[in-house]
Amino acid sequence: MRKNIVAGNWKMNLNFEEGQKLTSEIVNMLKDENVKDVTVVLNPPFVHLHSVKKLIGDTPNLFLGSQNCSDKESGAYTGETSAGMLASFGAKFVIIGHSERREYFAESNQLLTEKTKQALANGLTPIFCCGEPLEIREAGTHEDYVKNQLTESLFGFTTEEMSKIVLAYEPIWAIGTGKTASSDQAQEMHAALRSHIASKFGEEIAGNLSILYGGSAKPDNAKELFSKPDVDGGLIGGASLKSRDFVEIVKSF
Ligand code: PGA
């Protein structure tokens, strides 16, 4: 069954108190709302994971995720955090291959395969990000560009492994810019990605795959985006830092 998922990506924002306040507000609001059919994920920076997890407690449908993990299992890798550590702190999801990691930390498609392997080996659900920069969109080669990201990173996995992965389509030109892809642009790309996954892993895996949209998703455009048949939720940056906005997005299904 394809899941609806709304994941908040805090990026490198919020100190300890701010993170606690935001999480408590979201937990309280979600308890009051009926969000049965949506899986909600909070992806704070590593240092917040333990305290955010404590606040989440057993709130139904609310899960902890991380923004990154190491491609290595353990050892002398100063500054890294392994997927196994994340799982032991109660994380269930991990964002892999966000465009900011690809761009600022030179993460390659091959490295992202290794990170995805680590996530899967430790029982985490990878939220695997893909998306094209503006010049590729303008050149009209965006579908091939994004499909290639998936081919290079994910096509070596088994069908069983692929069934555990979530995709997030994040057009780079729409991230943090206030410029959202139109719901038709999102739908077009999501449908193309789903059929690309079907071509390798079969219709059943592709049909059950959740594909999230990311890039300036807000309370006032989420409903329209989520109404599209191949848009199964959102990866939310800026708007995930405001409890009311984030919960409004969750309620947009
Ligand atoms: P944004 O970020 O919602 O601030 O555009 C989305 C993301 O990068 O995950």
Side-chain angles (χ1 to χ4, degrees), residues 4-14 18-19 22-23 26 38-46 48-49 52 63-69 91-107 112 115-116 119 124-134 136-137 142 145-146 149-150 153 165-183 185-186 189-190 193 210-226 228 231-253:
N4 294 327
I5 302 172
V6 174
N9 175 9
W10 295 7
K11 307 194 179 181
M12 195 173 74
N13 292 297
L14 307 184
E18 290 163 344
L22 176 63
T23 308
I26 290 170
V38 189
T39 295
V40 184
V41 189
L42 302 182
N43 298 273
F46 291 134
H48 288 269
L49 287 171
V52 167
F63 299 94
L64 183 69
S66 164
Q67 298 172 21
N68 184 22
C69 71
K92 297 287 182 218
F93 290 80
V94 56
I95 299 171
I96 291 181
H98 190 280
S99 64
E100 289 150 16
R101 303 250 13 128
R102 291 175 185 263
E103 186 180 348
Y104 307 140
F105 304 94
E107 294 195 354
L112 300 177
K115 291 192 174 203
T116 306
L124 300 177
T125 299
I127 301 177
F128 187 89
C129 301
C130 53
E132 79 285 0
L134 184 60
I136 297 289
R137 168 66 62 170
H142 44 286
Y145 181 93
V146 180
Q149 290 178 323
L150 301 189
S153 291
I165 295 174
V166 167
L167 295 186
Y169 168 57
E170 301 215 310
I172 297 172
W173 46 272
I175 296 178
T177 57
K179 202 172 164 185
T180 325
S182 71
S183 56
Q185 285 173 318
M189 182 63 91
H190 284 218
L193 297 182
S210 297
I211 310 181
L212 317 185
Y213 169 79
S216 299
K218 302 264 177 327
D220 60 9
N221 58 26
K223 220 180 190 66
E224 167 71 18
L225 286 160
F226 297 171
K228 294 294 176 184
V231 179
D232 310 307
L235 180 54
I236 318 297
S240 76
L241 300 173
K242 294 186 191 125
S243 54
R244 175 60 57 201
D245 285 3
F246 185 63
V247 172
E248 282 304 313
I249 293 172
V250 171
K251 286 163 59 191
S252 298
F253 278 102

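These numbers come from the heavy atoms of this one structure, side chains and all, not from hydrogens, waters or symmetry mates. Counting convention: from 1, in listed order, for ligands and their atoms alike.
- Checking only distances, Thr177 never comes within under 3.5 Å of ligand 1, N or O to N or O.
- Considering backbone and side-chain N/O of Gly237, one or more are found under 3.5 Å from N/O of ligand 1.
- Of all protein heavy atoms, the one lying nearest to atom 9 (O) of ligand 1 is Glu170 OE2, 3.0 Å.
- Distance alone, capped at 3.5 Å, is enough to place a donor-acceptor pair between the Gln185 side chain and the Ser182 backbone.
- For ligand 1 and Ala174, the ligand atoms under 4.0 Å from any heavy atom of the residue are 5 (O).
- In this structure, a donor-acceptor pair under 3.5 Å is absent between the side chains of Gln67 and Trp10.
- Considering backbone and side-chain atoms together, Ser216 places an N or O closer than 3.5 Å to an N or O of ligand 1.
- Near His98, with a cut-off below 4.0 Å to any heavy atom, the atoms of ligand 1 are 7 (C), 8 (O), 9 (O).
- Checked against a 3.5 angstrom limit, the closest N/O atoms of Ile236 and ligand 1 fall outside it.
- Of all atoms in ligand 1, listed by their number and element, those nearer than 4.0 Å to a heavy atom of Asn9 are 9 (O).
- Below 30°, between 30° and 60°, or above 60°: for Phe253 and Phe226 the angle between ring planes is below 30°, a parallel geometry.
- Without hydrogens or angle criteria, Tyr169 side chain to Val146 main chain gives no donor-acceptor distance under 3.5 Å.
- Under the 4.0 angstrom criterion for non-hydrogen atoms, Ala239 is not in contact with ligand 1.
- For ligand 1, the polar-atom distance check against Gly176 finds a nitrogen or oxygen pair separated by under 3.5 Å.
- A salt bridge links Arg101 to Glu107: at least one charged side-chain nitrogen sits closer than 4.0 Å to a carboxylate oxygen.
- Short contacts between ligand 1 and Gly238, defined as distances under 4.0 Å to a heavy atom of the residue, involve ligand atoms 1 (P), 3 (O), 4 (O).
- Counting only distance, with no hydrogens or angles, the side chain of Ser216 and the backbone of Ala174 share a donor-acceptor pair below 3.5 Å.
- Using modelled atom types, no side-chain atom of His98 and backbone atom of Asn9 make a donor-acceptor pair closer than 3.5 Å.
- Partner of Phe63 under the side-chain contact (heavy atoms from CB on, under 4.5 Å) criterion, out of Thr39, Val40, Asn43, Leu42: Thr39 alone.
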